[in-house]
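One structure is given here, and the rest of the page talks about it.
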2 protein chains.
Amino acid sequence: MSRPYPSCQGPPPPSLREIPAIGKRAPAPCACRRSVLQIHALIAYLPTHGQNVTGVFRSPQFHPCFRVSPVVRRGRISVTTTARTAANTLTATLNPRIRHSGFAALVTSAEDAAAMIGNGATVGMSGFTGSGYPKAVPTALAARAEAEHAEGRPFRVRVLTGASTGPELDGVLARADAIEFRTPFNTDPFLRDRINKGETDYVDMHLSQLAPMVWGGIYGDLDVAVVEISGITENGQLIPSASIGNNKTWLDRADRIILEVNSWQSAELEGMHDVYYGTRLPPNRVPIPLIRPDDRIGQPYFDVDFSKVVAVVETDAPDRNAPFTPPDENARLIAGHLIEFLEHEVKRGRLPRSLLPIQSGVGNVPNAVMTGLCDAPFDPMTAYTEVVQDGMLDMLDAGALRLASATAFSLSTDAAERFNSNAGAYRGKLILRPQEISNHPELVRRLGVIAMNGLIEADIYGNVNSTHVMGSRIQNGIGGSGDFARNSFMSIFLTPSTAKGGKISAIVPMAAHVDHISQDVQVIVTEQGLADLRGLAPKKRAAALIQNCAHPSYRPLLEDYFARAMRDSWGLHAPRILPEALSWHQRYIETGSMMP
Amino acid sequence: MSRPYPSCQGPPPPSLREIPAIGKRAPAPCACRRSVLQIHALIAYLPTHGQNVTGVFRSPQFHPCFRVSPVVRRGRISVTTTARTAANTLTATLNPRIRHSGFAALVTSAEDAAAMIGNGATVGMSGFTGSGYPKAVPTALAARAEAEHAEGRPFRVRVLTGASTGPELDGVLARADAIEFRTPFNTDPFLRDRINKGETDYVDMHLSQLAPMVWGGIYGDLDVAVVEISGITENGQLIPSASIGNNKTWLDRADRIILEVNSWQSAELEGMHDVYYGTRLPPNRVPIPLIRPDDRIGQPYFDVDFSKVVAVVETDAPDRNAPFTPPDENARLIAGHLIEFLEHEVKRGRLPRSLLPIQSGVGNVPNAVMTGLCDAPFDPMTAYTEVVQDGMLDMLDAGALRLASATAFSLSTDAAERFNSNAGAYRGKLILRPQEISNHPELVRRLGVIAMNGLIEADIYGNVNSTHVMGSRIQNGIGGSGDFARNSFMSIFLTPSTAKGGKISAIVPMAAHVDHISQDVQVIVTEQGLADLRGLAPKKRAAALIQNCAHPSYRPLLEDYFARAMRDSWGLHAPRILPEALSWHQRYIETGSMMP
């Protein structure tokens with residue numbers, strides 16, 4: 001893969017990798033290296049000492065193979081160096097987000113950075129639920145892929161992220177057919193389409209498990225990390241962006257690192273993160289010392305090996321923030337049933353008055369639950385979750401929530417503006433962590449999280465399909481729902497009882513795919529009502545689900561099926577009529593509706 | 001529920017609950033209580049001071065409503081007391097397993113103990129994989145149920161255990177139709193039959209989760225605990241038996257406790273257990289301080305509130321130990337493929353030379369793997385598992401295993417004799433823990449367990465059915481496989497490629513029930529070969545599974561189905577032909593074979 005730095009004859013060409021951070025001990029100089037270091041020192045000098053640099057450039061110490069000419073323009077200095085065989089430009093930025101001049105020296109264009117990613121590379125990109133993903137480099141990479149394809153050359157990469165990203169990453173790359181392989185989660189419609197046409201390989205993973213699997217070598221070497229950050233400190237540490245996701249792992253594991261410094265992200269994010277560096281591969285793992293959602297167990301910055309950083313790209317671009325959709329009547333009904341149930345559990349002494357830390361999936365229904373919780377009669381709560389969305393900001397504002405721990409924001413346009421304009425007000429109330437910590441089974445179990453997730457369909461026994469529409473087309477992915485549902489104190493699934501204007505029932509005879517087995521599904525809530533399945537054997541689960549949760553238009557069909565299954569099934573532990581079990585799905589595929 | 005102790009007029013009748021342990025402060029005496037305490041003191045006196053007791057009984061301090069007559073016979077003393085209205089017998093034993101005279105005073109018959117369990121009671125019983133389950137009281141309870149049924153009266157109880165028990169518990173109770181509800185795991189054929197006929201409610205649970213759910217009140221009050229132990233210490237602590245299971249929870253949570261002291265169990269079990277008392281309900285949970293399988297974090301005994309103990313029953317009966325079946329050719333082939341794979345992982349540096357702690361399900365194939373591991377070129381290993389079966393004893397004997405941590409034994413008749421005759425030799429190499437610790441997701445993840453479990457069928461994408469034959473009849477249950485598979489470092493499933501003489505394929509188009517979603521299934525091994533599914537997208541998983549694992553007689557059928565699914569499926573992420581997906585199962589139900 002090409003390097004952007006000029007080569008010269010004689011000794012091997014210097015590489016940007018070999019530029020030490022300012023303040024670090026320089027490697028033993030050779031002719032070329034010395035000039036590199038001197039240019040580097042010059043750039044370091046400029047932002048602090050102003051633009052009166054003429055004298056410096058006249059220093060006779062510069063290696064003769066370079067001609068150096070500084071240009072200062074709009075707060076940015078470019079130093080053009082010409083080697084005997086090539087020309088190139090180093091740019092030092094006066095961008096206040098880049099407080100370390102070693103990194104400033106690496107500022108380059110997205111196109112030049114994208115040029116460092118080769119066909120077939122495995123790339124770890126930042127991004128979680130549409131926040132904190134790189135925006136410029138993937139877009140440039142997509143353009144490059146299109147150009148390569150136009151020339152008849154293959155160009156596809158393997159992309160690992162935190163979770164979903166945005167149109168400037170998955171969207172552009174999918175449209176350019178530049179993604180060969182993708183994990184662990186996606187919501188982009190263009191990429192979804194590629195996957196469901198069988199054109200892109202997609203591994204739908206538990207979000208807590210990707211980092212340890214990459215450390216364990218399961219996904220091979222990580223060639224490049226492309227990570228959005230919100231700034232770089234004087235010490236050369238990285239200030240995370242609006243999501244942390246797997247970034248620690250990408251930075252640690254990648255051979256080369258490309259950073260996008262996004263000035264759109266609030267500068268007040270600094271200090272909100274808690275990056276835990278205590279994870280290990282077995283047999284060297286130790287207890288994670290987190291006992292309450294409030295606990296800080298790490299540091300607010302990423303450490304990074306500067307020698308691996310090959311490019312820094314400046315951006316000033318918003319995250320994928322969609323407009324806020326107010327909760328509809330169904331969402332409000334679901335929230336009402338759930339909150340009534342939680343009140344009941346508190347009254348029976350099975351939950352504390354401040355509940356237990358809540359986890360909430362993303363979407364309209366969870367947002368409605370959050371809104372409902374703003375007025376619920378509980379003591380101030382905490383959240384130990386993946387994502388902070390609008391409803392949680394509302395809860396923090398209302399004092400219903402005293403602290404939210406997550407790995408990412410996922411805000412509407414309005415809420416993002418609200419957060420960015422007043423981020424300091426949330427200091428001490430928000431902690432972002434790596435997703436292997438936000439979703440860690442050890443911590444989910446210890447804290448006793450109340451898990452609230454959505455679903456596509458549940459069968460009458462409460463086996464849940466969260467991912468595969470009609471069993472074969474992936475919608476998004478299991479995401480963190482498996483991390484939370486299996487290990488939570490109480491696992492709740494929320495859904496309207498129908499979809500597509502009533503053409504799809506969320507309660508079906510048999511799920512066409514299973515993500516959450518009945519053991520991990522304790523409560524199901526639809527706008528029709530709530531089924532508390534805890535401690536119930538299959539047939540009693542079925543009765544509760546059909547009665548309390550199914551839509552009235554599908555309930556008689558389910559009752560009929562279940563009654564016949566009770567009579568005709570081969571086994572009567574979990575009665576099933578196999579030839580009919582998936583017929584609703586087949587009918588939908590054939591007619592566009594599950595309704596006969 | 002009836003109490004066996006005589007009542008008298010005047011003050012409220014004394015109850016066995018009110019007898020304090022010797023050395024504990026007696027409650028303020030009333031007339032009746034005083035006599036009870038005196039009889040108790042007498043019995044306490046006898047085992048230490050011999051049988052010359054005439055003088056004591058003539059003490060004028062005895063309450064006039066009792067007539068007391070001691071009988072000493074075969075190392076056991078019975079004291080018959082007659083109240084004005086009823087007669088009863090207290091028995092003190094000279095059994096050396098009962099080193100606390102307070103408990104000795106409670107020795108009674110299994111029938112009398114069973115009489116303390118009422119119709120509809122929720123009973124927590126000991127027992128895990130056929131070891132350490134109570135044998136006398138459930139048998140007496142079954143007789144009682146039959147007698148009640150003969151009189152036309154209902155009599156059924158709700159039974160919670162550790163895991164599977166034996167014919168003298170699940171078997172006799174199921175035959176007597178005395179089990180209304182059962183959780184979390186069963187292998188008894190009579191009970192299985194009741195469940196699959198729809199006559200008994202069965203909740204198939206993750207084994208690590210029952211204890212916390214009972215603490216959380218999900219299963220209501222626990223009326224009685226019936227727990228087999230191997231002895232009682234001088235301090236009134238209980239020496240666990242050949243399994244620990246959920247016994248700590250049953251003892252702590254039950255209103256009343258019945259103990260079976262089984263002299264058949266090796267006295268050398270004392271000290272092999274590690275009962276951790278640090279579990280809590282959230283929000284009070286803290287890290288579990290176990291870092292290596294060797295760590296002892298608890299105490300060797302159960303604490304028990306003596307005031308809740310209502311009966312002690314003596315037994316001398318073997319566990320359900322079946323004869324050993326030597327591994328067949330398929331089991332040896334499976335073991336061979338697996339060990340070759342593990343060697344490969346070690347060579348690639350993805351596993352240490354001593355591997356990581358192994359977990360192994362129960363059965364012929366896992367036993368073959370253990371046998372194979374005795375000679376494998378690894379450094380001495382550890383096991384962090386549920387069950388120690390024959391193969392693990394072999395590995396300990398061979399030095400291939402240096403330590404096994406589990407919650408239970410499950411030994412063949414021969415191995416049980418070998419262990420019992422030489423249990424001291426395993427001291428320091430075996431630790432038994434509560435099942436919420438042996439299976440705890442926090443510890444399984446931290447230790448990086450290599451999970452090895454069996455299956456009934458896997459679909460072509462690696463979704464595993466471990467429990468429901470043809471989707472509706474439960475075989476055993478998910479047991480601990482979910483605790484381990486989800487949180488392990490590597491989740492391996494082992495199975496012959498066919499069952500029932502080739503009439504059932506273990507690899508099917510779609511699983512008729514799912515216990516382990518594809519994310520939790522990383523390696524599948526049959527006698528045909530091994531499929532390493534890590535990091536593979538669905539279609540590549542299918543290709544690997546069909547090619548490497550399916551039986552040659554089913555492989556062309558699977559290839560044909562998969563090819564047509566690739567062409568005709570609604571979605572091509574995980575192609576499926578819904579009307580055909582379960583047709584193999586239906587064919588088996590109709591014709592007795594999956595083969596067309």
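Since the model is a prediction, treat every value here as computed from it, not as a measurement. Each chain gets a letter, A, B and so on, in the order its sequence line appears, and its residues count up from 1.
- A donor-acceptor distance shorter than 3.5 angstrom exists from the side chain of A:Arg486 to the backbone of B:Gly482, with no hydrogens or angles considered.
- Chosen from B:His585, B:Lys539, B:Gln209, the residue pairing most often with chain A at heavy-atom distances under 4.5 Å is B:Gln209.
- Not a single donor-acceptor pair under 3.5 Å links the side chain of B:Asn439 to the backbone N or O of B:Leu207.
- In terms of heavy atoms, A:Thr122 sits closest to A:Asp221 at CB-O, 3.5 Å.
- Proximity of a side-chain donor or acceptor of B:Arg576 to a complementary backbone N or O of A:Ala512 within less than 3.5 Å is detected.
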What pairs of donor and acceptor atoms, side-chain ones from residues 282-292 of chain B against any protein atom, are under 3.5 angstrom apart with sequence neighbours left out?
{"residue": "B:Arg285", "atom": "NE", "partner": "B:Arg280", "partner atom": "O", "Å": "2.7"}
{"residue": "B:Arg285", "atom": "NH1", "partner": "A:Arg445", "partner atom": "O", "Å": "2.6"}
{"residue": "B:Arg292", "atom": "NH2", "partner": "B:Asp295", "partner atom": "OD1", "Å": "3.1"}

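- Interface summary for chain A: among B:Arg534, B:His206, B:Arg182, the most heavy-atom pairs under 4.5 angstrom belong to B:His206.
- Chain A forms more heavy-atom pairs under 4.5 Å with one residue of B:Thr183, B:Asn463, B:Asp204 than with any other, namely B:Asp204.
- For A:Pro357, no part sits under 4.5 Å from any heavy atom of chain B, backbone or side chain.
- Contacts between A:Ile478 and chain B at a heavy-atom distance below 4.5 Å involve the side chain alone, from C-beta outward.
- Between chain A and the residues B:Ala537, B:Ala565, B:Gly216, B:Gly448, the largest count of heavy-atom pairs under 4.5 Å involves B:Ala537.
- Inspection of non-hydrogen atoms places B:Ile195, B:Asn196, B:Lys197, B:Gly198, B:Asp201, B:Tyr202, B:Val203 of residues 195-203 of chain B under 4.5 Å from chain A.
- Residues forming a side chain to side chain contact (heavy atoms under 4.5 Å, CB included) with A:Arg402 (at least two apart in sequence, or on another chain): A:Asp294, A:Pro380, A:Thr382.
- B:Met566 does not touch chain A: none of its heavy atoms, backbone or side chain, sits under 4.5 Å away.
- Within the 4.5 angstrom heavy-atom criterion, only side-chain atoms of A:Met213, from C-beta onward, approach chain B.
- At least one donor-acceptor pair closer than 3.5 Å links the side chain of A:Tyr561 to the backbone N or O of A:Ile577.
- A pairwise comparison of heavy atoms in A:Leu351 and A:Phe489 identifies CD2-CE2, 3.9 Å as the closest pair.
- Within residues 467-475 of chain B, the residues having any heavy atom closer than 4.5 Å to a heavy atom of chain A are B:His468, B:Val469, B:Met470, B:Gly471, B:Ser472, B:Arg473, B:Ile474, listed by residue number.
- Of all the heavy atoms in A:Pro352 and A:Val346, the pair that sits closest is O-CG2, 3.6 Å.
- Both cation-pi conditions hold for B:Arg158 and B:Phe181: the charged atom is under 6.0 angstrom from the six-membered ring centre and inside a 45 degree cone around its axis.
- Proximity to chain B involves both the backbone and the side chain of A:Ser208, based on heavy atoms less than 4.5 angstrom apart.
- Closest approach of A:Arg541 and A:Ser518 over heavy atoms only: NH2-O, 2.9 Å.
- Of the possible donor and acceptor atoms, one in the side chain of B:His440 sits under 3.5 Å from a partner among the backbone N and O of B:Glu442.
- When atom types are taken as modelled, the side chain of A:Asp520 and the backbone of A:Ser491 share no donor-acceptor pair closer than 3.5 angstrom.
- For the atom pair CG of B:Leu536 and OH of B:Tyr461, the computed distance is 13.0 Å after rounding to the nearest 0.5 Å.
- The shortest non-hydrogen separation linking B:Tyr384 to B:Gln359 is O-CB, 3.5 Å.
- Contacts between A:Asp459 and chain B at a heavy-atom distance below 4.5 Å are absent for every atom of the residue.
- Considering all non-hydrogen atoms of both residues, B:Val449 and B:Ile358 come closest at CG1-C, 4.4 Å.
- Comparing A:Met205, A:Arg194, A:His513 by heavy-atom pairs within less than 4.5 Å of chain B, the highest count is held by A:His513.
- Interface summary for chain B: among A:Pro579, A:Pro575, A:Ala581, A:Ser569, the most heavy-atom pairs under 4.5 angstrom belong to A:Pro579.
- Using a 4.5 Å cut-off between heavy atoms, A:Met490 does not touch chain B at all.
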